[in-house]
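Data block below; observations after.
Proteins get letters first, then strands, A, B, ... in listed order; numbering begins at 1 in each.
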Protein chains: 2
Amino acid sequence: MEAAEAGCPARKWSLVKTMYATTARRAVVDLLKGERRYLTASTIFALLKRDNPKLALSTVYRTLETLTELGSVSSRTEPSGEASFVYCNDEHHHHAICTVCGHVDEVDCAAMEQFRAALLANQSFTLDEHSVEFYGRCTRCR
Amino acid sequence: MEAAEAGCPARKWSLVKTMYATTARRAVVDLLKGERRYLTASTIFALLKRDNPKLALSTVYRTLETLTELGSVSSRTEPSGEASFVYCNDEHHHHAICTVCGHVDEVDCAAMEQFRAALLANQSFTLDEHSVEFYGRCTRCR
DNA sequence: CCAAAATATGCTAGTCAATTGCAAATACCT
DNA sequence: AGGTATTTGCAATTGACTAGCATATTTTGG
Ligand SMILES: [Mn+2]
Ligand SMILES: [Mn+2]
Ligand SMILES: [Zn+2]
Ligand SMILES: [Zn+2]
């Protein structure tokens with residue numbers, strides 16, 4: 001599975017009508033796969049600009065939008081209001097974000113089920129979806 | 001406690017150096033206390049403009065910022081990227097948001113503790129804070 | 001391999017939520 | 001009421017993000 005994703009997530013890309021494996025898209029995916037933390041579009045742009053001086057910021061935005069639709073990328077909104085993006089696996093999960101280095105741990109959803117049950121018990125609320133983010137310090141930073 | 005908050009949250013306001021209880025601030029607080037759902041600044045502005053034609057949008061933004069700092073208001077980011085605001089109680093809690101009418105139920109944090117413990121057990125992660133939002137249908141809308 | 005067709009990119013010019021500077025207005029205190 | 005601290009309204013600006021369009025890149029299939 002990891003081997004099948006080498007270079008770019010070809011498996012996922014095949015889901016879309018037609019989608020060219022361009023250098024820009026490969027660059028964005030490779031960068032996000034390496035840095036498992038939320039990065040803003042302008043940060044990604046600045047990092048990639050070094051090796052690809054003619055890259056445009058609008059291309060980064062368009063690429064991130066496409067990857068988000070595919071599910072390869074998940075986005076969140078920073079306190080500043082700026083959007084940021086992180087590489088993601090397929091399965092539904094949540095994020096534990098290190099407040100020191102920004103590293104993102106993926107938290108399995110299974111443990112959430114017991115909490116969902118508790119919520120439904122004492123709240124008269126039909127639960128459809130949930131959005132959860134934990135903040136703390138990862139192994140390296142604690 | 002509810003009586004002490006009549007009109008405006010005077011108790012909270014006293015925490016700040018000096019803060020005038022202006023008509024604009026009272027209007028924003030009263031509106032948000034009535035509508036227990038997330039509203040954008042421009043929506044709030046439009047609603048208040050009816051009774052106060054000379055109100056400025058920038059005043060609404062500044063008021064919401066102030067109330068957020070005080071803790072009387074909590075904000076989130078709509079999928080569109082626009083910020084929205086809801087009236088909040090003091091205690092740490094989470095929000096269950098009705099996907100039909102937008103009504104916000106406050107979810108007690110206590111039940112979260114057992115989940116926090118589970119998270120710490122199978123994730124090598126020092127949990128400091130968390131941000132949770134549930135989406136579903138409230139009693140009225142189910 | 002090599003075009004033609006399909007799609008993506010770079011650049012520029014917008015858009016629009018949100019912020020800011022400042023003079024006029026309002027709230028507070030004595 | 002009078003003086004001072006704070007807020008407001010208004011207009012100008014910012015800054016993240018989007019859109020139009022000509023050019024460049026990637027695919028396809030001959
Ligand atoms: Mn989950
Ligand atoms: Mn909690
Ligand atoms: Zn860390
Ligand atoms: Zn509802």
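Nucleotide dT25(D) holds its P atom 15 Å from the CZ atom of Arg25(A), rounded to whole Å. Atom CG in Leu57(B) sits about 16 Å away from atom P in dA12(D), given to the nearest Å. In this structure, the CG atom of Asn52(B) is 15 Å from the P atom of dA25(C), given to the nearest Å. For the pair Glu78(B) CD and dA18(C) P, the computed distance is 10 Å after rounding to whole Å. In this structure, Phe45(B) places its CZ atom 14 Å from C1' of dA17(C), rounding to the nearest Å. Residue Arg76(A) contributes atom CZ, which lies 16 Å from atom C1' of dA16(D) at whole-angstrom precision. One interatomic measurement links the two molecules: OH of Tyr61(A) to P of dT12(C), which rounds to 17 Å at whole-angstrom precision. Atom CD of Glu65(A) and atom C1' of dT9(C) are 15 Å apart (whole Å).
Contact annotation for Ser42(B): no contact, since no heavy-atom pair falls under 4.0 Å across all strands. Here Ser58(B) lies in heavy-atom contact (under 4.0 Å) with a base. Note on Ala41(A): nothing from the nucleic acid sits closer than 4.0 angstrom, heavy atoms only.
The only option from Arg76(A), His95(A), His94(A) that meets the side-chain hydrogen bond (donor to acceptor under 3.5 Å, both in side chains) definition with Glu133(A) turns out to be Arg76(A).
Remark: Thr18(A) is in phosphate contact with dT7(C), judged by side-chain N or O atoms under 4.0 Å from OP1 or OP2. Phosphate contact (OP1/OP2 of dG10(C), side-chain N/O of Thr59(A), threshold under 4.0 Å): present. Note on Lys54(A): a side-chain N or O is less than 4.0 Å away from OP1 or OP2 of dT25(D). Neither OP1 nor OP2 of dT19(C) sits under 4.0 Å from any side-chain N or O of Arg62(B). For dT25(D), the OP1/OP2 oxygens have no side-chain nitrogen or oxygen of Thr23(A) closer than 4.0 Å.
A donor-acceptor pair is defined here as one N or O able to donate and one able to accept, closer than 3.5 Å; no such pair exists between the side chain of Lys33(A) and the backbone of Tyr87(A). Here the side chain of Arg25(B) pairs no donor or acceptor atom with the backbone of Thr63(B) at under 3.5 angstrom.
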The test is side-chain contact (heavy atoms from CB on, under 4.5 Å); show your working for Cys98(A) and Arg140(A) and say whether it passes. CA-CA 9 Å; Cys98(A) 179; Arg140(A) 237 181 55 209; over 6 Å; no
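Side-chain atoms of Tyr20(B) and base atoms of dA5(D) include a donor and an acceptor less than 3.5 Å apart.
Of the inter-residue distances, the one linking Phe134(A) atom CZ with Thr126(B) atom OG1 reads 14.0 Å to the nearest 0.5 angstrom.
Closest contact between the side chain of Ala83(A) and the listed nucleotides dT26(D), dC17(D), dA27(C) involves dC17(D). Nearest to the side-chain atoms of Ala24(A) among the listed nucleotides dT7(D), dT9(C), dG10(C) stands dT9(C).
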